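Before I ask anything, here is the structure I am working with.
This one's a predicted model, so the numbers in the text were calculated from it and none came from an experiment. Side-chain atoms are counted along with the backbone in the values below, which use heavy atoms only and exclude waters and symmetry mates.
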Amino acid sequence: MKRSQLAIIVAGLVISALLVVISIYLTGIAIILVIVLAMSFQIFQDSYLLTDLAVVLSENAKVITVVNRGNTTIRNIRVSLIPLDIEIAVPDLGVDGKFTYVLPQMINEAKAVVEFEDKNNTKFQKTFDLSALHNSDDMLKPMFPIFGWKQK
């Protein structure tokens, strides 16, 4: 946690300790509020500099879209389509940025292996199954990753 966040939590605990003199119930409420605040800081820290990249096949199976769903710029993106033997160099994508690539022909099924870096030069690799016949979205995936939730 950052130093300012830690200072806020310590101040909340000190105030909670001082409330013991007034009422035990006020102390309990204050401690619960400090715990909720600490959990909020932890959730915020998990979603800071989130690199979430997705590769999607269009409905007509001729266009591949690379989407940055994270909250930081993604650089040095290389998409390899297997078994089509196609490699795509994608320019840097900002937050909510999209890049589309039109394929020479329709594809039935393929695998997209993506290699990319965040702005701290940390390298990532993800694999996506692209299919014109099946939807591969995970219906149980949370809106944003909480407590280190990771995609398969």
Side-chain angles (χ1 to χ4, degrees), residues 1-13 15-16 28-152:
M1 260 189 248
K2 292 183 180 177
R3 184 176 229 128
S4 61
Q5 293 172 348
L6 193 59
I8 291 172
I9 291 174
V10 169
L13 291 174
I15 291 171
S16 298
I29 292 171
I31 288 175
I32 289 172
L33 290 175
V34 169
I35 291 171
V36 168
L37 189 63
M39 289 176 65
S40 299
F41 287 152
Q42 184 64 34
I43 290 171
F44 174 74
Q45 195 171 13
D46 278 352
S47 65
Y48 182 69
L49 291 181
L50 176 68
T51 55
D52 189 14
L53 192 73
V55 177
V56 182
L57 183 64
S58 68
E59 290 293 323
N60 66 1
K62 287 187 88 172
V63 177
I64 290 182
T65 305
V66 181
V67 182
N68 181 1
R69 296 186 300 192
N71 58 12
T72 184
T73 303
I74 297 178
R75 303 182 299 158
N76 300 331
I77 306 167
R78 308 269 316 153
V79 180
S80 300
L81 297 176
I82 303 168
L84 303 175
D85 200 27
I86 298 175
E87 288 196 22
I88 306 166
V90 179
D92 296 354
L93 289 177
V95 177
D96 294 330
K98 292 183 180 181
F99 175 81
T100 57
Y101 178 78
V102 179
L103 296 166
Q105 63 186 15
M106 287 186 193
I107 62 170
N108 186 17
E109 289 189 3
K111 182 189 289 189
V113 178
V114 185
E115 297 172 349
F116 57 94
E117 296 178 0
D118 63 0
K119 65 182 183 180
N120 296 333
N121 293 329
T122 305
K123 296 184 182 215
F124 298 93
Q125 182 175 357
K126 285 180 113 176
T127 303
F128 298 94
D129 292 327
L130 305 175
S131 175
L133 303 175
H134 307 291
N135 189 1
S136 62
D137 287 339
D138 184 7
M139 298 304 286
L140 299 177
K141 180 181 178 187
M143 295 278 277
F144 59 93
I146 1 182
F147 302 116
W149 185 90
K150 302 288 184 200
Q151 187 177 4
K152 296 183 219 176

Before giving the answer on side-chain contact (heavy atoms from CB on, under 4.5 Å), spell out for Val113 and Gln125 the whole-Å C-alpha distance, their side-chain angles and the decisive distance to 0.1 Å.
CA-CA 7 Å; Val113 178; Gln125 182 175 357; 3.2 Å; yes
Please tabulate, for the side chains in residues 75-101, all donor-acceptor contacts under 3.5 angstrom to protein atoms that are two or more places apart in sequence or on a different chain.
{"residue": "Arg75", "atom": "NH2", "partner": "Asp118", "partner atom": "O", "Å": "3.4"}
{"residue": "Arg75", "atom": "NH2", "partner": "Asn121", "partner atom": "OD1", "Å": "2.4"}
{"residue": "Asn76", "atom": "ND2", "partner": "Glu117", "partner atom": "OE1", "Å": "2.9"}
{"residue": "Arg78", "atom": "NH2", "partner": "Glu87", "partner atom": "OE1", "Å": "2.9"}

As an exercise, state the distance from CZ of Phe116 to CG of Leu53, rounded to the nearest 0.5 Å.
5.0 Å
To the nearest 0.5 Å, tell me how far Leu57 CG sits from Ile107 CD1.
4.5 Å
Results of side chain to side chain donor-acceptor pair (under 3.5 Å) for Asn60 - residues two or more places apart only
Ser58
Looking only at non-hydrogen atoms, find the nearest pair between Ser16 and Val34 and report the distance.
OG-CG2, 4.2 Å
Distance (rounded to the nearest 0.5 Å) between Asn120 CG and Thr51 OG1
10.0 Å
Report the distance from atom OG1 of Thr73 to atom NZ of Lys119, rounding to the nearest 0.5 Å.
6.5 Å
From Leu37 CG over to Ile9 CD1, what is the distance, rounded to the nearest 0.5 angstrom?
5.5 Å
Starting at OG1 of Thr72, measure out to CG of Asp52 and round the result to the nearest 0.5 Å.
12.0 Å
